Amino acid sequence: MKNVVFAVISSLLFSVSAVADTPALLHFDQQSIAESQLSPWVQQSLYEIRREAWESERALLERGALELHVQKQAKAQGKTTDEIRSALLTIKPVSDGEIQAFYENYRDHIQAPLNEVRDAIREQLESIREQQQMAAVMEKLRQESGLKVLVPEPKAPVFDLPMAGYPVKGKPDAPFTLVEFADYRCPYCKKGAEMVNRLMEAFPDSLKVYYVDFPVVDLASGISTTVMRGAWCAGQQDKYWDYHTLAYAQQGSLSKNAPGTIAAKLGLNTRVFEACMASKESERSVEKATAFGRQYGVSSTPTFFLNGKRLSGADIENQIRGLLSQSKSS
């Protein structure tokens, strides 16, 4: 058992010889191990655990502040706390018209008759409305009562990703580096590619982009991996980004034959391309990229890192635009 524990801890270490710049978290083999010495995926996972705990703690503390406000108002107005709380948080009922509109907007995704999903839609819309009402109340408390949670927000790890050998576009000296892990068959990755194009167009002097293959869609079929090998082989003929664009353009019809079709459209040397597709080098290119992503905690696509920091949230494009705009104006 002792040997098993040692083996597990050893697998977590990224560089025990690195100079520690954070407090030690482990003592192992007569050494103090700092967080910065752990594998990147462990550092990222630790951050995500802390972030989730911090968000829960913040929400609880804000609810605590709300209760203090409710008690104060109840005393001032001569009412019960339930009456004050209800006045603050009661939402407008969801109408049948709103349910119908939601259903019409998402009919293609729901794929069920309205009468079967009406109650579920009502519950979802009510939940959204409750969250919005709570957010509005908390914002009012911040503005009027100076509410501020003092628990420090955890800091995300920043990695020096070794990008040599991966396809890149943009100015070499651009101050921002965006790394995207993606799968050509992933619908959200296609949207991600469109987002990257918009950002490159809006900030041509500020941003350079690396693309890293990370197959996740229907792995058993081997289609994603085959298309990725084709991208690498196109890159050997200096047509990587042209292939990249065409692969996403025909996402819905990608198959194991797609690389050859795309290569023909691009006018690549067919003999050289086919030899490349059959080579161990193209196979290893995808294996290397996949291992690289896993090393940094990537498990889904698309995943983005900006200047070494993993991005998260529903609106990554605006996050990036905000940072680039701020840098541009400073």
Side-chain angles (χ1 to χ4, degrees), residues 160-174 176-201 204 207-296 298-305:
D160 183 13
L161 281 74
M163 300 310 303
Y166 290 99
V168 59
K169 60 181 176 179
K171 285 194 171 183
D173 60 347
F176 285 89
T177 299
L178 183 67
V179 179
E180 177 185 7
F181 292 84
D183 183 329
Y184 287 109
R185 300 182 69 213
C186 159
Y188 291 107
C189 295
K190 183 176 182 179
K191 293 182 181 296
E194 293 167 353
M195 176 196 78
V196 167
N197 289 338
R198 289 192 296 270
L199 290 169
M200 292 290 291
E201 185 175 336
L207 187 66
K208 64 180 175 183
V209 177
Y210 286 92
Y211 187 90
V212 184
D213 293 319
F214 196 82
V216 296
V217 178
D218 188 19
L219 296 180
S221 72
I223 295 173
S224 288
T225 300
T226 301
V227 174
M228 292 170 182
R229 291 174 69 175
W232 188 83
C233 289
Q236 302 309 295
Q237 298 189 47
D238 298 322
K239 290 290 185 179
Y240 177 86
W241 291 106
D242 299 280
Y243 180 103
H244 177 92
T245 299
L246 287 180
Y248 273 124
Q250 60 184 65
Q251 183 180 78
S253 59
L254 289 175
S255 67
K256 286 190 174 182
N257 295 323
T261 303
I262 296 173
K265 287 183 179 178
L266 295 176
L268 301 184
N269 184 311
T270 303
R271 181 183 58 80
V272 172
F273 184 82
E274 290 176 352
C276 178
M277 286 293 294
S279 70
K280 286 292 183 181
E281 286 80 0
S282 66
E283 182 178 356
R284 281 194 290 267
S285 72
V286 179
E287 292 173 350
K288 175 187 173 185
T290 304
F292 177 45
R294 287 175 180 160
Q295 182 184 1
Y296 286 88
V298 177
S299 60
S300 60
T301 57
T303 294
F304 295 94
F305 289 80

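These numbers come from a predicted model, not from an experiment.
Ring geometry, Phe273 versus Tyr243: the interplanar angle falls from 30° to 60°, so the pair is classed tilted. Under the 30°/60° scheme for interplanar angles, the aromatic rings of Tyr248 and Tyr184 are found to be tilted.
Residues forming a salt bridge (Lys or Arg N to Asp or Glu O under 4.0 Å) with Arg198 (at least two apart in sequence, or on another chain): Glu317.
Ser224 and Arg185 make their closest contact through OG-CD, 3.2 Å (heavy atoms, listed as atom of the first residue, atom of the second, distance). The nearest pair of heavy atoms linking Val298 to Ser300 is CG1-O, 3.6 Å. The two residues Ala289 and Val212 make their nearest non-hydrogen contact at CB-CG1, 3.7 Å. Annotation for Ala231 and Tyr240: closest pair O-CD1, 3.2 Å, computed over non-hydrogen atoms. Across every non-hydrogen atom of Arg229 and Val286, the tightest pair is CG-CG2, 3.7 Å. Taking all atoms of both residues into account, the shortest heavy-atom contact from His244 to Ala193 is NE2-CB, 4.4 Å.
Using a 4.5 Å heavy-atom threshold, the side chains of Phe304 and Leu178 count as touching. A 4.5 Å side-chain heavy-atom check between Pro302 and Phe214 finds every atom pair outside the cut-off. Counting heavy atoms from C-beta on, the side chains of Thr303 and Glu180 never come closer than 4.5 Å. Inter-residue side-chain proximity for Met277 and Glu283 is flagged as unmet; no heavy-atom pair is nearer than 4.5 Å.
Atom CD of Glu194 and atom SG of Cys189 lie 11.5 Å apart (nearest 0.5 Å). How far OG of Ser279 is from CD of Glu274: 12.5 Å, rounded to the nearest 0.5 Å. Between Cys276 atom SG and Gln237 atom CD the span is 8.0 Å, to the nearest 0.5 Å. Atom CG of Asn257 and atom CD1 of Ile262 lie 11.0 Å apart (nearest 0.5 Å). We find the NZ-SG distance between Lys239 and Cys233 to be 15.5 Å, quoted to the nearest 0.5 Å. Here the straight-line distance linking atom CG of Asp218 with atom CG of Leu254 works out to 12.0 Å at 0.5 Å rounding.
Glu287 has no carboxylate O lying under 4.0 Å from a charged side-chain N of Arg284, or vice versa, which leaves the two without a salt bridge.
The backbone N or O of Ala278 lies less than 3.5 Å from no partner atom in the side chain of Ser282, so there is not a single donor-acceptor pair. Judged by distance alone, the side chain of Lys256 and the main-chain N or O of Ser221 form a donor-acceptor pair under 3.5 Å.
A centroid separation of 6.0 Å or more is found between the aromatic rings of Phe305 and Tyr210.
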Contacts table for residues 163-174: side-chain donor-acceptor under 3.5 angstrom, sequence neighbours left out:
residue: Lys169; atom: NZ; partner: Asn197; partner atom: OD1; Å: 3.2
residue: Lys171; atom: NZ; partner: Asp205; partner atom: OD1; Å: 2.8

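Other residues, nucleotides and ligands place more than 12 heavy atoms under 6.0 Å from the NZ atom of Lys190.
Side-chain contact, Asp242 with Thr245: no donor N or O sits under 3.5 Å from an acceptor N or O. Using modelled atom types, one finds no donor on one side chain facing an acceptor on the other under 3.5 Å when comparing Thr301 with Asp183.
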Show the numbers, then the answer: is there a ring-ring contact (aromatic ring centres under 6.0 Å, His included) between Phe292 and Phe181? CA-CA 10 Å; Phe292 177 45; Phe181 292 84; 5.7 Å; yes

